[in-house]
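Below: the structure, in structure tokens.
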Amino acid sequence: MLEKIDLSKKMGKKEYRQIMDSLAPKLGALQRECRDLKIPVIIVFEGFGASGKGTLINQLIQPLDPRGFQVFAISGESQEEQMRPFLWRFWTKTPENGRIAIFDRSWYRRVLVDRFDKVTPDAQLGYAYNEIISFEQQLADGGNVILKFFLDITKKEQAKRYKVLLDNKETAWRVTEGDLKRQKHFDEYKVMNEEMLQRTDTDFAPWTIIEAMDREYAAVKIISAVIKRLEEKVAEVKAKEEARAEEKKSENADLQKSTAKPESTEEGIQDKFSLRSSILSSADLSLSYTKAEYKEKLKELQGRMAVLHSDLYRRRIPVVLAFEGWDAGGKGGAIKRLTECMDPRGYAVNPTAAPNDIEKAHHYLWRFWQNVPKAGHVAIFDRTWYGRVMVERIEGFCTTDEWQRAYKEINDMEAHLAHSGAIVIKFWMQIDKDEQEKRFKERMAIPEKRWKITDEDWRNREKWDQYEEAVDEMLIRTSTTYAPWVIVEGNCKYYARIKVLETVIDAIETRMKQK
């Protein structure tokens, strides 16, 4: 790819100024349109050292409103970043709807500089590429425009630019030992860049090669490419909005013309005889412990958990525990007994409610990436990212395409957590409908617990069968070897709390043996 690029292209300063005079207003107007249409934009700059990324980014942002973009300079990982999964620092920098995030180097460091420096071993390259592609696809599917620019220069030009920088004491610091080492092995490093470009050039996040020998030519090409892509996205979003408006107009007419399907159809027969797979129905809700058995087991298990929590911190093993289940299913009680014996400095319980305005303005996984634990810490989620395939699916808070796509997105996220070293366990707290009603009424009768019950809880109960179907599908499609679902039989709270503790302890002890 790179060997076929004509790096002799140039542009005169007069021509450059004339073209920029026409491009700058267009870019500024498009930024405002993207803001109004709530389109998030990600612009990535990669390329050889001294290819002019900083200068070209500065030329790109000149026509933009500075309140609507942010530039991130990505270098080596900080100590805080080293203690998190690799993608954490990039997920947390993704833009909210209507804003622009510009990356001076990016997540490609893992397959470029880190690969060259042997930080990323060859055996991990395939997985690293898969993570990058999955990350970009999730962002693109979530509405982000992704533009990626690779700045190309020759080995001779790079050496010349490095010399200019090194000869000036004010700029010499910008050339690192790593830069000089890669310059010395330019051809070897170029092959790595070639491979990266070929393996990550996708329809949803394509690469644009920029001939960066001449900065005027490079700046015009970059800005022209940004304008073209934003114009396409603006037109696409407007067309979708118009189509949705037309759908709403015809909705009432379609409803009036529709007729109920006869029960004798195949769909009706399947619904009548419940031919779908059901995991929840196989849970034995008669399992229980007496109060005496519970107290004895709880004391022993909490003692073991206290020791293991210390070992987790010492060995820098992160843990992610996700709790889902029916309303009044016992999530809070199980979390309380789990954490009672743990050092509060080493864990965090993250309750998940409906997303606020800031969270709604980002990809739905963004808010969960904010709370990914550091190495050696435990993150407990009381309700999770699975809301997308349950409540958001059933209540119509997302489209069918969005919740169907979410299964893969969630599996990919959990795979990344597990690959980074985290223990990931997901609990479904299972109770039956009669037990839920009993607990609801108990909460209504006890003033200290009345805050736990809401009108929404009663409304959700009316959709029990819909939720059960969604949960069964969720369990089947997202229970993996690296992030398994554990169904906790919860009609007896004592039994449920003990099973959660035993499961967590067993997973940690198994990891300790592997270590």
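Nothing here was measured: the structure is a model prediction, and the numbers come from that model.
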Any luck finding a side-chain donor-acceptor pair between [X] and [Y] under 3.5 Å?
| X | Y | value |
| --- | --- | --- |
| His419 | Gln124 | yes |
| Thr399 | Asp401 | no |
| Thr202 | Glu136 | no |
| Asp382 | Asn350 | no |
| Trp385 | Glu414 | yes |
| Trp366 | Glu359 | no |
| Thr92 | Trp369 | no |
| Tyr494 | Lys295 | no |
| Glu96 | His362 | no |

Would you please indicate yes or no on a ring centroid separation below 6.0 angstrom for [Y] and [X]?
| X | Y | answer |
| --- | --- | --- |
| Phe135 | Trp91 | yes |
| Phe323 | Phe427 | yes |
| His377 | Tyr347 | no |

*Among pairs that include at least one residue of residues 65-74, which meet salt bridge (charged side-chain N to carboxylate O under 4.0 Å, His left out), considering only residues two or more places apart or in two chains?*
Asp65-Arg67
*If a pair satisfies salt bridge (charged side-chain N to carboxylate O under 4.0 Å, His left out) and one of its residues is in residues 488-498, list it, with sequence neighbours excluded.*
Glu489-Lys499
*Does Glu473 pair with Arg393 as a salt bridge, N-O distance under 4.0 Å?*
yes
_Between Lys408 and Asp412, does any NZ, NE, NH1 or NH2 come within less than 4.0 Å of an OD or OE carboxylate oxygen?_
yes
*What ring pair (Phe, Tyr, Trp, His ring centres under 6.0 Å) pairs are there with at least one residue in residues 389-415, not counting sequence neighbours?*
none
*Run the numbers on Lys513 and Glu509 for salt bridge (charged side-chain N to carboxylate O under 4.0 Å, His left out), then give the verdict.*
CA-CA 6 Å; Lys513 291 175 184 176; Glu509 289 180 340; 5.9 Å; no
_Where Glu409 and Leu365 come nearest, the two heavy atoms and their spacing_ = O-CD1, 4.3 Å
Taking [atom1] in [X] as the centre, count heavy atoms belonging to other residues, nucleotides or ligands within less than 6.0 Å. Is the count above 12?
| X | atom1 | value |
| --- | --- | --- |
| Gln79 | CD | no |
| Tyr313 | OH | no |
| Asp203 | CG | no |

*Does Lys148 use its side chain to pair, donor to acceptor, with the backbone of Thr200 at less than 3.5 Å?*
yes
*Give a yes or no answer on whether the side chain of Asn144 reaches the backbone of Ile146 with a donor-acceptor pair at less than 3.5 Å.*
no
Spacing of [atom1] belonging to [X] relative to [atom2] belonging to [Y], to within rounding of 0.5 Å:
| X | Y | atom1 | atom2 | value |
| --- | --- | --- | --- | --- |
| Arg32 | Leu37 | CZ | CG | 13.0 Å |
| Glu46 | Trp107 | CD | CH2 | 8.5 Å |
| Arg89 | Gln82 | CZ | CD | 9.0 Å |
| Arg461 | Lys433 | CZ | NZ | 5.5 Å |

*Given Trp326, which of Arg439, Gln430, Glu435, Lys331 fulfils the side-chain contact (heavy atoms from CB on, under 4.5 Å) condition?*
Gln430
*Quiz item: cation-pi between Arg110 and Phe86, 6.0 Å / 45°*: yes
*asked:* For a salt bridge (charged side-chain N to carboxylate O under 4.0 Å, His left out) check, start with the C-alpha distance between Arg383 and Asp327, then their side-chain angles and the critical distance, and finish with the verdict.
replied: CA-CA 11 Å; Arg383 299 279 186 203; Asp327 294 327; 2.9 Å; yes
*Test log, rule salt bridge (charged side-chain N to carboxylate O under 4.0 Å, His left out), inputs Lys238 and Glu242*: CA-CA 6 Å; Lys238 286 181 176 179; Glu242 290 173 5; over 6 Å; no
*Working for salt bridge (charged side-chain N to carboxylate O under 4.0 Å, His left out), residues Lys297 and Glu293*: CA-CA 6 Å; Lys297 286 180 176 289; Glu293 289 173 326; over 6 Å; no
